[in-house]
Each structure stands twice: as structure tokens, then as C-alpha cells.
Amino acid sequence: KDNDIIVEPVIDSTNQYMLERIPHLSSGDTCLAEYQSAGRGRRGRQWISPFGCNLYLSMYWKLDQGPAAAIGLSLVVGIIIAETLNKLTKGKIKVKWPNDLYLNDKKLAGILVELTGKTGDAAHIIIGVGINIGMGKNNIEIENTINQEWASLADEVESIERNILSVNIIQALKEALTLFEKEGLSPFVNRWFELDNFLGRSVKLLIGNDVISGVEKGINQQGALLLEQDNGDIIPYIGGEISLRPN
Ligand code: ATP
Ligand code: BTN
């Protein structure tokens, strides 16, 4: 059976909509909205979602490997979105571990993976993707709410067909997640290195109240971030509470 694609003009959050319908969903089913009144980011933060100019998309995926595989899955999603957008921007879209997309060193898009399911069971995963396509700079509410530098695809690309872009993203995600289920992260690790915005750069990791500085060295086969410390040791970091920042 074909996947369902649900398109709503106005919604609270496409992730919330899908989370509430998990028993009725098949892998690849997708919800798109033109506006979100309660778009969300990681750790309860807000995702600004003005009407009619961006992309807000959530896809359901059932992952037999269980919840532990979700970190790898979220890296795969970032790679796929970046590669799809790079067909329009000559390679200017980059990834930031674990799951943001950058354009010209500014935040262009975010990925929010939410899941249910116990260790040992299949995980039910909602993959949320928000991409700024045409969001303009002349709006006070947007400027006051986003407390970091951000970009829109329209900064680089003259005309963008959002319907075609959505279909391309849905198709590419389905193919990549099918491959990830069969082969894990290994077919994707080299592709991450091609896209990593901070590779070789001096960065810091915020982990709770701790700050760890080092040089970013990409990811390992498990999807952990590799950080070279002053003494030359390369240490892997993994977990949902870590934020990467330029130093
Ligand atoms: P990290 O996940 O590494 O801590 P982050 O600071 O970007 O990075 P997230 O929770 O991933 O935090 O994303 C939410 C943040 O994204 C918000 O606090 C805001 O700064 C920013 N933001 C919100 N809406 C948008 C948007 N439409 N475009 C770009 N950035 C946005
Ligand atoms: C982040 O950078 O923290 C992730 C932002 C994810 C935003 C998308 S928009 C579609 C989906 N629905 C939501 O409420 N959030 C995600």
C-alpha cells in the first residue's frame, strides 16, 4: 500500500499529530503542515513556524532494532536532508552533530526525533524536520524569538518549489531508512564527513553544567561525536543532552 501523506494548513505540531496516531501508522507515513502553533525543538524549546513559507514535516518509522538505534537514525536523516538540499545549493548545506542543518554557518533547519518503545522492543519513531525555505528577516516576532543566527534556503536559491522538495525529501528518507535498517550506520559515515560543518574546527560541548573543549573529528561507527582533547586523545561523546558550539 502507498504511504499516507497528510497535509494540514494549521496544526499544533506535526510531531505531536503523528505521536497521537502511532497505532494507525505505517513506516513512511508523513504529515506536512503550513503552520505550527506549537512547533518544538529539542528539550522543550520552541520552533518558530510561520505560515506558508517553510517546510514542517514529520515521518513515522518503525525501527525493529529498538530505541538504541535512534541516534544513528537521526544522523542519517540529517545527511539525507542535507544531500537533498545540496542539489539546489551546490553543496553549501552542512550538518551539525547531532541533527541541525547549517547554511553559511547559520541554522537553516532542525531535526527532532521522538520515540516510544522499550529497550528490547521495536521503537516507534517520529522524525520531525523543520526547514526554513522563505522565512524573511523583517519580522520582529521571529527576530526576538530565535536567539541564534539563522538562514533560509531563499538566501541561496532563487525559486523553490516546496511541493517537489517535499516529495524528494520523503522519497529520499524512505530509501535511506530502509538501507539503515539493513546495514546500520556504516553506509552513511563517510557521507557525514563530507557534510560536517565543524570538522577540524575548535568547538566546545555543553553537557549539563560542564563545558568540554577540543577539535571536532567527525563521528564513529556508532554515531558518537569525536573530540580531540589537548593531550591528543580522541574521545567519543554520545547522548541527548549534549550541545555542540563553535569555540
Ligand atoms: P542544540 O540542539 O545543539 O542545543 P539549538 O540551540 O539549536 O542546538 P534546538 O533545541 O536544537 O537548540 O533548537 C531550538 C532552537 O532553534 C531555538 O532555541 C531557537 O534558537 C532556534 N530556532 C527556533 N525556530 C527556528 C527557526 N525557524 N529557524 C532557525 N532556528 C530556529
Ligand atoms: C531542533 O533544532 O531542535 C529541531 C527542530 C524541529 C522542528 C520540526 S518542524 C516539524 C516537526 N514538528 C515539530 O513540532 N518539530 C519538528
Worksheet item: Considering all heavy atoms of both residues, which atom of Gly39 and which atom of Ser49 are nearest to each other, and what is their separation?
Response: CA-OG, 4.1 Å
Item to complete: Identify the heavy atoms of Ile131 and Asn54 that sit nearest to each other, and give their distance.
Response: O-CB, 3.3 Å
Hydrophobic cluster membership, [X] vs [Y], 4.5 Å side-chain cutoff:
X      : Y      : value
Ile126 : Ile170 : no
Val76  : Ile169 : yes
Val215 : Ile235 : no
Ile81  : Val189 : yes
Leu75  : Val113 : yes

Worksheet item: Does the side chain to side chain donor-acceptor pair (under 3.5 Å) test come out yes or no for Lys174 and Asn3, once each step is laid out?
Response: CA-CA 10 Å; Lys174 282 168 60 176; Asn3 279 121; 2.6 Å; yes
Give, for atom [atom1] of [X] and atom [atom2] of [Y], the distance between the pair rounded to the nearest 0.5 Å.
X      : Y      : atom1 : atom2 : result
Leu32  : Thr14  : CG    : OG1   : 8.0 Å
Leu227 : Leu205 : CG    : CG    : 5.0 Å
Ser213 : Asp230 : OG    : CG    : 8.0 Å
Leu195 : Ile93  : CG    : CD1   : 10.0 Å

Assess whether atom [atom1] of [X] is packed by more than 12 heavy atoms of other residues, nucleotides or ligands within 6.0 Å.
X      : atom1 : answer
Glu161 : CD    : yes
Lys62  : NZ    : no
Lys137 : NZ    : yes
Asp2   : CG    : no
Asp233 : CG    : yes
Asn231 : CG    : yes
Glu149 : CD    : no

Fill in: Derivation of the side chain to side chain donor-acceptor pair (under 3.5 Å) call for Glu216 and Trp97
CA-CA 10 Å; Glu216 212 257 63; Trp97 188 92; over 6 Å; no
Practice prompt. Report the C-alpha distance between Gln65 and Leu73 in whole Å, list the side-chain angles of each, state the deciding distance to 0.1 Å, and finish with yes or no for side chain to side chain contact (heavy atoms under 4.5 Å, CB included).
Written response: CA-CA 11 Å; Gln65 288 95 322; Leu73 177 142; over 6 Å; no
Quick one: does any side-chain atom of [X] pair with a main-chain N or O of [Y] as donor and acceptor, under 3.5 Å?
X      : Y      : result
Asn220 : Gly223 : yes
Ser13  : Asn15  : yes
Asn132 : Ala151 : yes

Discussion item. Can you confirm whether Glu143 sits close enough to Trp150 that some side-chain heavy atom of one is under 4.5 Å from a side-chain heavy atom of the other?
Written reply: yes
Practice prompt. Please state whether the rings of His124 and Tyr60 are parallel, tilted or perpendicular, taking 30° and 60° as the class boundaries.
Written response: parallel
Discussion item. Using side chain to side chain donor-acceptor pair (under 3.5 Å), reason through Asn104 and Glu156 one step at a time and then give a plain yes or no.
Written reply: CA-CA 10 Å; Asn104 300 330; Glu156 285 295 329; 3.1 Å; yes
Practice prompt. Determine, for Lys92 against Asp155, whether the closest basic-nitrogen to carboxylate-oxygen distance falls under 4.0 angstrom.
Written response: no
Worksheet, complete the sentence: Sorted by chain and residue number, the salt bridge (Lys or Arg N to Asp or Glu O under 4.0 Å) partners of Lys96 (sequence neighbours excluded) come out as Asp100
